[in-house]
Every structure is written in C-alpha cells, then in structure tokens.
Amino acid sequence: MTKIAFRPTLLRSSALSALALVGLIGTAPAFAQDAQVQPGTSVSTPPQGDVSPAPAAQATAAPAAQTTAAQPGTAQPGTAQPGTAQPGTDAGQPQDIVVTGTLFRRTDTETPSPVTVLTSDSLAKAGITTVSDAVRSISADSSGSVPTSFTNGFGAGSSGVSLRGLTVSSTLTLIDGVRTANYPLSDDGQRSFVDLNTIPNAIVDRVEVLKDGASSSYGADAIGGVVNIIMKKEIVGAYGTVEGGVSQRGDGGEQRATLTLGTGRLKEKGFNFYVSGEYQHDDPIYNRNRGFPYNTQDLTSIGGDNNNPGSVAPSQTTSAVVAPTTQTTPGNILSGTGLATGAFQVLNPNGCAAGQTLVTTPRSGSTFIDQGCEQNLVSDYGQIQPEQTRFGVTAHGTAQINDKTQAYLIASYFQNDVKSEGSPALIRSANPVNTQNIVLPAVLANGTLNTTNNPFATQGLAAAIRYRFGDIPASSEYKNHVIRAAAGIDGQFGEGWGYSASITAAHAWLDITQNGYLNLAGLQTAITTGSYNFANPDLNTAAVRGAISPTVRSQATSDLDMVQGVITKDLFQLPGGPLQVGVGGSVRYEAQNDPSQNPDFTTINLNQFSAVGNRTVESAYFEVNAPILTSLEIDGSGRFDHYSEGFSHFSPKIGVKFTPIRQVALRGTFSKGFRAPSFAETSGSVVGFTAAVPPCSLQAQHGATLTGTTCSGGSAYNQSYSIGFNTAGNPDIKPELSRSFTGGVVVQPTTWLSFTADYYNIKKTRVITGGPLSNQALAAYYAGTALPTGYSVTPDAIDPSFPNAQPRALFVNSPFANAAALKTSGLDFSALVQLKPSDDFHFSSRAEATYILHYDFKSSDADPFVDYVGTQAPYVTSSGAGTPAWRGNWQNSVDYKAYTLTATAYYTSGYKAVAYDQFGTTDCNGGSTYGGTDPEFNCHVKHFVDVDLTGSVAVNDKFKLYFNVVNLLDQKAPLNAGNYAATNYNPTYTQIGAVGRTMRVGANFQF
C-alpha cells in the first residue's frame, strides 16, 4: 500500500498512591444529581442557593434537558427547561423535571437513555473553566474531536466534541436545548460542528450529555449523542471571579474575570433579570520552551530518525541553497527542467544562518556532493498552545406571567480569537500552482546578470533553489463572533394540557487573517527583477516583503434561525402513572457561506476549500410515555424531517425502563437516526495537503536501498513531501444512516452509593467520505494499472537525480461518496459515593469510564471491516487522535467547614501507533504512523495519567479564595512521533502533558 504519513506543520505513569487521592469528573446516576450540587462549594460559580437553572421554555429543537425543579408547562423538543419549584408548591416534595432526550416532565430523572451530568460545582472542583474543557473531559469523547491547539487544521481556531468517536458532525451540541449556529469553517473541510469556545462559561448551571442516538427527538446529527449546555435561569445579586495563572516554566500565562449582576426573584416579584460578562486570555506556549522531545524532529538519540529539514541535503530551510539548471522558457521562472546539473551549494557566502548546521550528502548516481543547512523548525517556530482571547456578554430575563405561564428572553454575544504562528513559507509548492521547478534566472528583466542570487549567471545558467522565507513571519488569526437570541413561552391549561413555543436566531462570522503566504505574481516580480535578496534576506525591505507576501483576509459565516412549538397531554392513568402524549413541529433555516480563501489561485500553499449553501428543514415529532406498571415504563418517539434539497427521513426510537426493586433499574433503547450532508459535502470543495512518504517500490527507483520490505537512503526525492487530496462536492450525496441500541443497569443499594453500567452499539451506513478509494488510486498509479472510476492522479515534477524514474504522486483527485460503514460498541461505567458523617464534613467520590470494545470501519463495500480500537486509526479524522480502548476520570472531594480540597485524575490507555485507514495494515512494519527507518520505533504509545488538584477556603460568606494545580505530578505526554497535529505527542488526549504543571489562583466574591 502507498504510505501516506499525515504530518502538516504545526498541524495530558503516575504513582499508584496518588490514585488514592484523585478521581474523575463523574457521570453519577441521574437520580443522584440533586445531591451533587452542594451549596457554596463551587470555586468558580455563584452559590447554588442564589441561582436557578435556565427557564423551562429555553430552547427549541428537540427534547429538553434535565432540570432540578418544575416550571409551568411542557418542554419543547430539545429545550432545557430547568428551574425552581412552581409557585405554591412544597419545595420539600419531589418536583417535576425535564431530562435531556424527552418531552415530558417527570419526578424520576433516570430515563431509559444514559445521561452524564456535569454540574457547575463538580466542574469548578475539577478546575475546569471553559465549556470546551468540560465537554472534552468526558470519557465518551474520542477520536475526531477537535482541540483548540490544532491550529493547522481546516477547523482551526475552534474546539469540537466527538462522542463515541463518530466525528464532530455526529454529535449535536445545544445551548439550553436549542441548536445554535455552526462554526463557519468545516472540520477537515467537510464536517459541520458547533465551536465550544464561543459558549459562555460563567452562567453554566450544568452540562448534560445524552450518550445515545437521539434523532427521534432532535433530528439530524444526534447519532453519537447530544451535549446540552444549560444556563442558570435566576441570579440575584452580584457575583464575580478574578483568576490568574502560569505554567511552572513561566509561560502560558492565563487571566480570567467574570461579573454577573442580577435582580428580581421569580417567587417574590415575578421576574428575574441578569447580565453576565466574562473575559479570558491565554498566552502562547512555544515548543522551544519545552524539553525533548517536544522541541525537535530529531529523534536519533532515542532510536528514531532525524526529520529536521536539511538533515539530508539539499535542504529547504531559511538558508537558500542553489544548483545550476536549465530554464526552458526565457522569462518564465516556473519552466525549470527540475534537473540539477551541478551540486547544490549554500547561496550565502557566509554559510548557513545562525543556529543551523551545514550538511553534505553525496548525490546518488553522480559525483556531486550537495550542501544543505539543517534547521530545527519546531524549535524556531513551533507552538504547543496558541494565543487565545475569549470574551462575551449575556442578558437574560424571565417573567412569571401567572402561576401557570412563564416567558423568557436571552441574548448573547461572544467572541473567540485564536492567534497562531507557523513555519515560513516554502518557495517550492504544489498548491495551487506547481512551483516545484522554480528557478532564479541568469538574466534579470532589465538585462543585467543576476549575480546576487544566482552564482551560475555568468555561465548563462539558471539556478534551481530550495528555500524558506525566514524574513517573512507566518501567522494566522481566527476571530469567531457569535450573536444569539432566543425567546419563548411555556405553560399549562385545562386538564393535563401543556404547551411551549419558542424562536431563536444565531449568526456567526469568522474573520480570518493570514500572514506569510506567498503571492505568485509578487514572487515572480521579485525574482525576475532581483528585488528580493535570497543570499542575505536581512537586506530586504518591508516593501519588498509586503509585495511578495501581502496579508490575506477573508470572512466566513453561518446562520441558524428556528421556530418551534410543542403540546402535551396526560391522557389517562395507568398503574404506573399518566399516559403522556406530546406532539410538536419546527421549521429552521441554516446557512453557511465559506468562500475559498484562494479563489484565483494567486496565493501559494494556501489550501482551497469552500462550503456555500442554505436550506430549510421542516420537522414534526411525537413522543408517547407509558408507565404500564410502577416498575415498567415504555417510551416511544419519532421525528420526520424534510430538507429543502429534496430528501426526507423518519427517525424512530423506543426505550424501556424496568425497576424490579427500588434499588435496581434496568434500561435499554433502540433507535435509528441520520446525519444530513453538510454544505461542503454537497456543493463545496476541499484541497488538503499532508506530508507523504513514497512507497519503497518508488523509492528504489530513486536510489533507495531495499532491505526486505523496508527502504532507506536515495535521493532527497524520497523524503517526506506534500501530497494533495482534491475532493469535490457531490450534489447527489445521501444522508448517513444509523442504528443504535443501549442496555444498562442503575444500582443504588444505599442512599450514599450508586453506580451504572451501560452497553452501547452503533452502526453507521452510507458514511460520507472524501476520496474513499484514494489509497487504491495511489497504489494503482504506482503499479501502472487502471485507477478507480472518478479518480485521477497528478504527477509531481521529475527527480533531478533520477530523471527517468517514475514521478511521485502530487495530487489525488476524487469525489465525496457514500462509501464507508462503521460499527462501534462499548461499555460506560459510572459510580458515585457521597458521605456526610457530620454537618461540617462531606466527602464525595465520582468516577466515569468508557471502554471501547470495537470500532470497526471499512472505506467501501469491497473492503472488509477492520477494528481500530487500540490503534491510531482513524488517522485522517481531525487531529489523528486514534482510538484508545479506555478513557476515564475519577474525582474525590472533601468539604470541611470553610475548606474544600479536590483531586481529579484523567486516564487514557496506550495504543499501537498504526493506522490501517492510511497504510492498509496494522503491522508496525508498513503501518506505523511515524514511518521511520526502524518500523518498531514508537510503534506503541504509552498510557497517560494526569492528576489535577484544587482547593478553596471561604473567608466569609461574601469572599472565597481558591487555587488550581493542573497536572500536579508534571507528567510528560507520552511520545507519539507519528502525530501530525503536534510535535511528538497527541494533543487530543495529552495536551497538558506537553504544557506541564500549571498553577492558577483566584477569588470569588458576591454581594
């Protein structure tokens, strides 16, 4: 198989004794959630006694979220309608609540579907300060999630969640149960998702994660599950937080502040209104400020290879090297033959730039000895963490119109600004114009010899060049703005009737600023006139640099507008309670306008991707809940969605809960769902470039030595290079389909102990993939056989050392297609222990873990299913995180009088660093994501354990101090040399291990 190692540039064993102190953010059984909220224990949120969750009608798109008390009326599908007790009710009695995934209010929060609840209290005790970190900390988040640190991906500047490893597009993210606008860019140029960085954190009451198929309630995209972020409904007084932090290495500074002002109690005045603002800034962290191996691509000291640019001459570094060649068309600097008729030499007479090392390499098949300059680009330019600034404001109002009717209005603006730096641009590229054979002419446009840049000019020869523009800084800024408003009303009438109606609108616009990319016309002018000095770039003026590399600015947008309503009725009594029926409907408009940043192909190496479109979705849905017995409940639901593109889909679901004894409940669900094609998949296009290593069969033609099935040496043509994958939208693409079922048990033998265990099984068909037969197309190209239908390969320029050898592949051209299928299954576990031996002392321990049994994938009907569990596949999805078998967390917390101390541990199991989806084998020899000379090198990545410690002290009832120590044991991220989203580690699971120990201190105040 063709070996393609995806590594775009810049693309968390601790001691067992420590585990006795720590634990994970837990998924306690839902019926125990009320006990999780301990008044006054949060280190970053207002005391629970003065706030309430979001209003009952606060959403519009599917079943409502779990609440802590009832509000009048019914929940809209997808709405999170938590609140306080209804006026006139006894707060000591069980209250009706709405749970994510159902339309109905209920006193029992444990539905047939498994739901994880992260309260603001448990998040604060874990030291988690953003919604992004909260959601991505749960054990069910797996391969395909998007970390903010992955700044070289197509969805750069964002953060997304991928439940069950089904990618970000198969997890539906809601705010108060309502859809919001997607991130204006698509993950991998294909998949739509919500940016978690633009969700306010200061007013979050809790995060509910429905880990079950939910298309019957929410429609498209809820195949892997639903993340429902529920805001506080009622805040009275003034609450604020100030916080600062820094890493142990003295960098990565963080500043955070929140302020919330609220007035009016619903019970007393019939209204509540609050305004909340927050700000957070994180300084960048550079690879050069971290030790080995995060600061280099030279791993020879531990048995790996030296992949620093220039380790084999000729080099492509900030020190230009040139060699004599022939220019076939006078005046056309792109018309070089690609044949170097002499040795490459360093252009600057003073040699390599400071910090670089001269390298000489004999050229295979000739007497030439090429020169180059080895450069550690990772140390010079790499970033572990980008600079990030988040701020926003939210206004929220709730009105108790009468004892049966409540209305609300919420409006917010949030901005997330991510700035990253990268390596300087290469003069040789294949994107979008092939400059691989670019030359420096012998004679300039004014007729003079080009002696400054071309030492062969006096011989009448052009110069082939290898160079990075080190005097032109490369950087990107992604500034995402989201403005969102929602309003609604909900209430009760007659005998057992309830209703709710709401409207929401959200608009996101992303301002993108790119620096350091080369303008083709500007580059041609600079070379033909000699205005740019390649020999000594320090002499170049700002004007010359600006002409070669002007700033590229663009804007992408997305929209979501929706109106919906639902009505419910208690029909009659069954032995276990009332038979409930709910029906509803919604209409939503969604749009994306992500035009190509490089529409006229004038900017070298700037990827071309686009997604432009809009559609209307009309939906009708129902739910029936039948408590046939006090011990047996059956719930059925369904939803019909019609898309203006012309396709429709019906999604059914049935759930059963059986409680043979009070301490034990058995539950299970069966559902079918779908994911609608994104605008990128139907009408967009994407050209992605990644690093590739030619197969040994080709390398042998270019001078490599074969040893069995491995190869080494040969010309520089055999080194890693950029290969492009050009995928076009397909208007005939069909929705992805899913079938899922769950089965589990909830056990609460005592009031202080409860635990759950659930099995899940999901199958996806008609999975949309870009170029599913790309590997076959490449293999056919190198074998000289026919390519699959609809595929083509564009060859690279010839190898000057072996001009008669077959060129390597430069582009693979392919369509999006419903070609793949996926099956995954696993087990979720959770446990909660809560002890309160005295009024002054409280101990809680909550744990959560996910074990993936199988993750079987096939790229086409002709291929077999291959299990990816325990490997780094799927490698092409988002950040190449892979599929570790185990993820878990465990949190232990002690509250004593005014003091709180909490330790939280996060565990990710090790995995084999092979990727069948790219290399066609799970053997280290041929399947390694590193692809080094020694196939066994780093073919197994170790597990990772991170322990965080937080503590707080209430100075008085108005003021609290707290501290957080993240990565308490300063554990290093395990080596993952084949990861393309970071240098030598996996940022999806082990980012904090590269950052290292970080300390934060802060204060909460209230008035």
Side-chain angles (χ1 to χ4, degrees), residues 10 12 14 18 43-44 126-130 132-133 147-151 159 197 241-258 278-298 354-355 376-391 416-423 473-477 903-904 906 944-952 961-976 981-987 989-1003:
L10 291 182
R12 247 162 132 268
S14 66
V43 297
S44 65
I128 292 176
T129 59
T130 68
S132 173
D133 288 345
T148 303
S149 60
F150 186 23
T151 56
S159 175
N197 286 324
T241 298
V242 292
E243 178 182 287
V246 68
S247 79
Q248 180 174 288
R249 278 76 176 175
D251 56 6
E254 178 233 334
Q255 307 85 41
R256 187 171 70 94
T258 70
E278 59 186 277
Y279 168 87
Q280 181 169 340
H281 178 81
D282 297 322
D283 291 336
I285 297 176
Y286 293 89
N287 292 75
R288 59 178 170 266
N289 296 325
R290 292 299 179 269
F292 181 86
Y294 315 121
N295 60 356
T296 182
Q297 289 182 312
D298 182 1
N376 188 343
L377 287 177
V378 175
S379 179
D380 290 347
Y381 305 105
Q383 281 187 318
I384 287 176
Q385 172 179 294
E387 180 181 1
Q388 183 177 17
T389 304
R390 304 170 61 251
F391 68 87
N416 179 56
D417 187 7
V418 175
K419 299 177 181 177
S420 63
E421 300 175 15
S423 299
S475 65
S476 299
E477 180 178 7
T904 308
Y906 303 87
F944 181 67
V945 178
D946 160 42
V947 178
D948 299 345
L949 182 69
T950 69
S952 69
L961 298 174
Y962 67 88
F963 73 86
N964 301 330
V965 182
V966 184
N967 195 358
L968 174 68
L969 305 178
D970 199 29
Q971 290 292 304
K972 295 183 66 174
L975 180 69
N976 182 199
T983 300
N984 296 328
Y985 72 96
N986 191 328
Y989 307 122
T990 65
Q991 173 72 9
I992 192 60
V995 172
R997 184 183 293 120
T998 299
M999 289 76 71
R1000 301 194 295 252
V1001 294

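Note that these values count all heavy atoms, side chains included, but never hydrogens, waters or copies made by symmetry.
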Peer 1: Using modelled atom types only, decide if a donor and an acceptor are shared between the side chain of Gln383 and the backbone of Gly422 within a distance under 3.5 Å.
Peer 2: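 Side chain of Gln383 to backbone of Gly422, a donor-acceptor pair under 3.5 Å: no, none is there.
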
Peer 1: Not counting sequence neighbours, which residues clear side-chain hydrogen bond (donor to acceptor under 3.5 Å, both in side chains) with Asp251? List them please.
Peer 2: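 Ser247, Arg290.
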
Peer 1: With a 4.5 Å heavy-atom cut-off, do Tyr294 and Thr983 have their side chains touching?
Peer 2: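 Answer no - side chains too far apart.
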
Peer 1: Which atom pair, heavy atoms only, marks the closest approach of Ala973 to Ala994?
Peer 2: CB-N, 3.9 Å

Peer 1: A side-chain contact here means heavy atoms from C-beta on lying under 4.5 Å apart; do Asn984 and Gln297 qualify?
Peer 2: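 Heavy-atom side-chain distance check fails, nothing below 4.5 Å.
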
Peer 1: Go through the steps for Arg390 and Asp282 under the test side chain to side chain contact (heavy atoms under 4.5 Å, CB included), then give the verdict.
Peer 2: CA-CA 9 Å; Arg390 304 170 61 251; Asp282 297 322; 5.9 Å; no

Peer 1: To the nearest 0.5 Å, what is the distance between OG on Ser132 and CG on Asn197?
Peer 2: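 Reported value, rounded in 0.5 Å steps: 5.0 Å.
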
Peer 1: Do Arg1000 and Thr950 make a side-chain contact, defined as non-hydrogen atoms from C-beta onward lying under 4.5 Å apart?
Peer 2: no

Peer 1: Measure across Lys419 and Glu477 and return the closest heavy-atom pair with its distance rounded to 0.1 Å.
Peer 2: CE-OE2, 3.3 Å

Peer 1: Roughly how far apart are Gln991 CD and Asp946 CG, rounded to 0.5 Å?
Peer 2: 11.5 Å

Peer 1: Could you tell me which residues satisfy side-chain hydrogen bond (donor to acceptor under 3.5 Å, both in side chains) with Thr130, sequence neighbours excluded, listed by chain and number?
Peer 2: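 So Thr130 forms a side-chain hydrogen bond (donor to acceptor under 3.5 Å, both in side chains) with Asp133.
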
Peer 1: To check you understand the geometry: which heavy-atom pair defines the closest contact between Ile384 and Tyr985, and what is its length?
Peer 2: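 In this case the closest contact between Ile384 and Tyr985 is CG2-OH, 3.4 Å.
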
Peer 1: Could you pull out the closest heavy-atom pair between Pro293 and Lys972, with the gap in Å?
Peer 2: CD-NZ, 4.2 Å

Peer 1: Which residues satisfy the side chain to side chain contact (heavy atoms under 4.5 Å, CB included) test with Arg288, sequence neighbours excluded?
Peer 2: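 For Arg288 the side chain to side chain contact (heavy atoms under 4.5 Å, CB included) partners, ignoring immediate neighbours, are Tyr286, Ser379.
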
Peer 1: Side-chain contact test, heavy atoms from C-beta onward, threshold under 4.5 Å: evaluate it for Thr998 versus Glu254 and give yes or no.
Peer 2: no

Peer 1: Do you know the tightest heavy-atom contact between Pro147 and Pro987?
Peer 2: CB-O, 4.4 Å

Peer 1: Can you name the salt bridge (charged side-chain N to carboxylate O under 4.0 Å, His left out) partners of Asp298, sequence neighbours left out?
Peer 2: none

Peer 1: Working to the nearest 0.5 Å, report the span between CZ of Arg997 and CG of Asp970.
Peer 2: 4.5 Å

Peer 1: Taking the side chain as every heavy atom from C-beta outward, state whether Ser475 and Pro473 have any pair of such atoms under 4.5 Å apart.
Peer 2: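 Sidechains of Pro473 and Ser475: no contact.
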
Peer 1: Gln280 and side chain to side chain contact (heavy atoms under 4.5 Å, CB included): which single residue from Asn416, Thr389, Thr129 fits?
Peer 2: Thr129

Peer 1: So, taking the atom named OH in Tyr381 and the one named CD in Glu421, what distance separates them when rounded to the nearest 0.5 Å?
Peer 2: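 Rounded to the nearest 0.5 Å, the OH-CD separation comes out at 10.5 Å.
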
Peer 1: Not counting sequence neighbours, which residues clear salt bridge (charged side-chain N to carboxylate O under 4.0 Å, His left out) with Glu387? List them please.
Peer 2: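 Result, salt bridge (charged side-chain N to carboxylate O under 4.0 Å, His left out) vs Glu387: none returned.
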
Peer 1: Would you check if Gln971 and Val945 make a side-chain contact, meaning some heavy-atom pair closer than 4.5 Å?
Peer 2: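 No; the side chains remain at least 4.5 Å from each other.
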
Peer 1: What are the two closest heavy atoms between Leu961 and Ala1003, and how far apart are they?
Peer 2: CD2-CB, 3.8 Å

Peer 1: So do Val995 and Asn967 actually touch side chain to side chain, heavy atoms under 4.5 Å?
Peer 2: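 Heavy-atom side-chain distance check fails, nothing below 4.5 Å.
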
Peer 1: Thr258 side chain to Thr241 main-chain N or O, any donor-acceptor pair under 3.5 Å?
Peer 2: yes

Peer 1: Go through the structure and list residues passing side-chain hydrogen bond (donor to acceptor under 3.5 Å, both in side chains) with Asn295, not counting sequence neighbours.
Peer 2: none

Peer 1: Quick one: OG1 on Thr296 to CG on Leu377, what's the gap to the nearest 0.5 Å?
Peer 2: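 The distance works out to 10.0 Å.
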
Peer 1: What distance separates Ile285 CD1 from Arg249 CZ, expressed to the nearest 0.5 Å?
Peer 2: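 CZ of Arg249 is found 9.5 Å from CD1 of Ile285.
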
Peer 1: Does the side chain of Phe391 come within less than 4.5 Å of Asp417's, by heavy atoms?
Peer 2: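 The answer is no; the side chains never approach within 4.5 Å.
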
